**Q** 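So that we are looking at the same thing, I have put the structure below in structure tokens.
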Amino acid sequence: MTPAFEKLARPIQKWIRTQGWSELRHIQSQATHAIIGGNADLIIAATTAGGKTEAAFLPLISQVLDDPAQGGGFDLLYIGPLKALITDQAGRLEEICREMELPVTPWHGDVSAAVKTRALKAPRGILLMTPESLEALFIRRGPEIPGLFGATRAVIIDELHTVLDSERGVQMRSLLTRMELAIGRPIRRIGLSATLGDMELAKAYLRPDDPGRVVLLEAQGGDAELMLQLRGYISGDKDEKTPPADHQIARHLFRNLRGTDNLVFAGSRQSVEIYADQLRSLCEEERLPQEFYPHHASLSRDHRDFVEKRLKDTAKPTTAICTSTLELGIDIGDVACVAQIGAPFSVAALRQRLGRSGRRAGQPAVLRQYAVETRLTPHSDYVDRLRLGLIRSVAMIDLLLEGWCEPPRPQALHLSTLVHQILSVIAERGGASAGRLYRVLCQEGPFKNVEARVFTDVLRALGDPETALIEQGDDGLLLLGRVGEKLVEHYSFYAVFQTPEEYRLISGGKELGTLPIQNVMAPGMMLIFSGRRWLIQEIDDRAKVIVVVPSKGGIPPIFGGNPGDIHDRVIVRMFAILEGNSAPAYLDRTARDLLDEARRHYGQLGFSASSTAAFSETRFAIATRVGTVKTTTLALALRSEGFAVETHDGFLTVTAKDRQDDLVLTIRQIALGAQITLFSDQTNLIFEKFHPYLTRTLLELDASGARVDERALPELCRQIAIKRPEGR
DNA sequence: GACCTGCTGCGGCGTG
């Protein structure tokens, strides 16, 4: 055994021997040296089954055993984003700690109150929590926080890459700062993460005040060989002999995936239902046992557990048709192949998904990408002619092969989460001064981009008698107001993210899952859900329950959602592909023809030489050549100047009301720095949980930080206005 | 033109 092994506590060494490990993995040795040899914050980056949990916990538990704390609460705090992950990890840690009399306490909404009460009475060992449960602890038991975490040596943040700059990530960092302030010292932070494109940014998120001192350990190598194919399909065939594109794809999946474990990422819940239904029918037609199952967040926990268990069970071949539910989190074992239908929304997601395949030594990772484009007619729009879905798929695969993926977004203001944390700090302490709130949240905490003036405006908005979230006591202390008290009292307060209203779908007394309320439903209608077909029997609008029975026909429901942000670099690569002339070897015949066709149309539209094209005196296209945020910003600016604008990947379609409007002139004026209003009264700015309590001015400021990039506008318009050298 | 995640305290009732 290695020097690292010798550093571990005796009981841990004994446990390792009983596991039959011949040696520690490299990342585990490195982590042992870093954790036992120093006191720095740490990021351990490796794939899902890379042994990260043990890499962090074996040395940390060793420290606890070799140098036990005398009281002062839990020794180690683990924060995980999923209940299932916490249950999984608690089980693994209990195995390690069983002989050592170190308690392991999983703590989330499904854990019984008895377990929680016991842990609070004698707080020690390892506590595993969700960010929401930690939030609840601060609000319900604020004064007990120093006693519970006074001796805590380290906090382990699992799946760090999934939180980073998200609402939940900001909430978590705020809680950690508040915990450090409550106990009067920093607590070592250890992040467990998938490998990111830019790990420097992850360091800054883990410890914003001192990212330079964060040690980064990355598991090296392990890159399996990649087998790759992109197949092109054309939908909207008039020819009756050719089946529709989705049938062709379903048949191809059926022929190639049957008999093994696979993941098919279909892009949306609706599309998951469509393909699951078709694959089920194919099994029935061929009189074969069922092995294709849908998996997405609207399906019941029971059904999802069933699919996850089947994936783990090596005896039964299983293919899950899924959304990002199966992209991260609990281990489902190795799969033979990952299929992706339609272009993914980020290279980071594509990489994470592909990481589910090719994990066994000697096995290649297999990616099957399916691109669906519409059949062209003489009237087809230019965006259809440019085959943007196929081009984006190629761009993302290119970038994946180069090892690039999207870095976390630049830090937004997060005013909705700030409102939440203001209420939470007041609840924790029973009241707080404005100065203290500013210090805790904005100076020490994660809301560093919020200036004092903006912070004061937020407090004023919350204190407005109409809003009544907070009020000022006689001594100047800020207290919860009438509405604020009600909000904080209810358990729905702890989560910082918004959730839509839904119907529950019931059949034979069993819940099938949930359905967003925007679906227009009536008894007698037929529905595809959970991969099967149903007839609606009755609807209870007040209880939000729909009762269904099995049927022969049906259509898939709408699940809604918001368009995602495509990164600048992906769009830049798409244009490079449109302007290039070689075709990647992994394209099939149809995909290659579609790519040629896209390039031909790109040239015919004149985009090689100019960034604008006119279809008539009032209808134009602009090639922005940049990602969603900047493209959307230009769209808002042009709308406020009276143009009608549609957005696409790297393109805008612009319609002028009359021919007097000169688009080119407007673009030139913006390029020269003309002042433009981006938001009109009609622009919806409420998309996060606590946005309804803020003023219009604050909402515009919040949107400016995250959804638009006003400063990039003049340069963007300069680039659009100039002629491009032909053939570049 | 998309996806995902989470939740306390207490009253009422049944059982040992």
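Fair warning: this is a prediction, and the values are worked out from it, not measured in the lab.
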**Q** Which of these nucleotides, B:dC7, B:dT5, B:dC3, is closest to any side-chain atom of A:Leu82?
**A** B:dT5
**Q** Could you tell me which non-hydrogen atom of A:Leu311 sits nearest to which non-hydrogen atom of A:Ala320, and how far apart they are?
**A** CD1-CB, 4.1 Å
**Q** Do any side-chain nitrogens or oxygens of A:Thr323 fall under 4.0 Å of OP1 or OP2 in B:dC4?
**A** yes
**Q** Once you round it to whole Å, what is the distance between C1' of B:dC7 and CG of A:Asp110?
**A** 10 Å
**Q** How many whole angstroms separate atom CG of A:Asp565 from atom P of B:dC3?
**A** 15 Å
**Q** Between A:Tyr370 and A:Arg231, is there a cation-pi geometry (under 6.0 Å to ring centre, at most 45° from the normal)?
**A** no
**Q** Determine the contact category for A:Gly267: base if any of its heavy atoms lies under 4.0 Å from a base atom, sugar-phosphate if only primed atoms, P, OP1 or OP2 are that close, otherwise nothing.
**A** sugar-phosphate
**Q** Starting at atom CG of A:Leu299, determine the distance to atom C1' of B:dC4, rounded to an integer number of angstrom.
**A** 14 Å
**Q** Select base, sugar-phosphate, or nothing to describe what A:Ser492 touches, counting heavy atoms under 4.0 Å on all strands.
**A** base
**Q** Is it true that a side-chain atom of A:Asp709 and a backbone atom of A:Val629 form a donor plus acceptor pair closer than 3.5 Å?
**A** no
**Q** What protein N or O atoms touch nucleotides 9-16 of chain B N or O atoms at under 3.5 angstrom, if any, and at what distances?
**A**
none

**Q** Round to the nearest Å and state the distance from A:Arg304 atom CZ to B:dT5 atom C1'.
**A** 10 Å
**Q** Please state whether the phosphate of B:dT8, meaning OP1 or OP2, lies under 4.0 angstrom from any side-chain nitrogen or oxygen of A:Ser133.
**A** yes
**Q** Regarding A:Arg140 and A:Tyr494, is there a side-chain donor-to-acceptor distance under 3.5 Å anywhere?
**A** yes
**Q** Counting side-chain heavy atoms from CB outward, which of B:dT8, B:dC3, B:dT5 is closest to A:Ala297?
**A** B:dT5
**Q** Which class fits the ring pair A:Phe607 and A:Tyr382: parallel under 30°, tilted 30 to 60°, perpendicular over 60°?
**A** tilted
**Q** I need the CG-P distance between A:Leu164 and B:dC4, as an integer number of Å.
**A** 20 Å
**Q** Pair up each side-chain donor or acceptor in residues 559-570 of chain A with any protein partner under 3.5 Å, not counting sequence neighbours, and list the distances.
**A**
from     : atom 1 : to       : atom 2 : distance (Å)
A:His567 : ND1    : A:Arg569 : N      : 3.0
A:Asp568 : OD1    : A:Gly627 : N      : 2.7
A:Asp568 : OD2    : A:Lys630 : NZ     : 2.6

**Q** Counting any heavy atom closer than 4.0 Å, what does A:Thr499 reach on the DNA or RNA strands: base, sugar-phosphate only, or nothing?
**A** base
**Q** When you measure from the side chain of A:Gln340 to the backbone of A:Gly342, do you find a donor-acceptor pair of N or O atoms at a distance under 3.5 Å?
**A** yes
**Q** In this structure, how many angstroms lie between the P atom of B:dC7 and the NZ atom of A:Lys689, rounded?
**A** 12 Å
**Q** Please report, rounded to the nearest Å, how far the P atom of B:dT8 is from the CG atom of A:Leu134.
**A** 12 Å
**Q** Indicate whether OP1 or OP2 belonging to B:dA2 is found under 4.0 Å from a side-chain N or O atom of A:Ser268.
**A** no
**Q** Please state how far atom CZ in A:Arg707 lies from atom P in B:dA2, giving the value in whole angstrom units.
**A** 14 Å
**Q** For A:Arg353 and A:Arg168, take the nucleotide of DNA chain B holding the closest heavy atom to each; which residue's nucleotide lies nearer the 5' end?
**A** A:Arg353
**Q** Does A:Pro81 or A:Lys116 map to a spot on DNA chain B nearer the 5' end, using the closest nucleotide for each?
**A** A:Pro81
**Q** A:His648 near the nucleic acid: base, sugar-phosphate alone, or nothing, with a heavy-atom cut-off under 4.0 Å?
**A** base
**Q** Around A:Arg707, counting heavy atoms of other residues, nucleotides and ligands shown, do more than 12 lie under 6.0 Å from its CZ?
**A** no
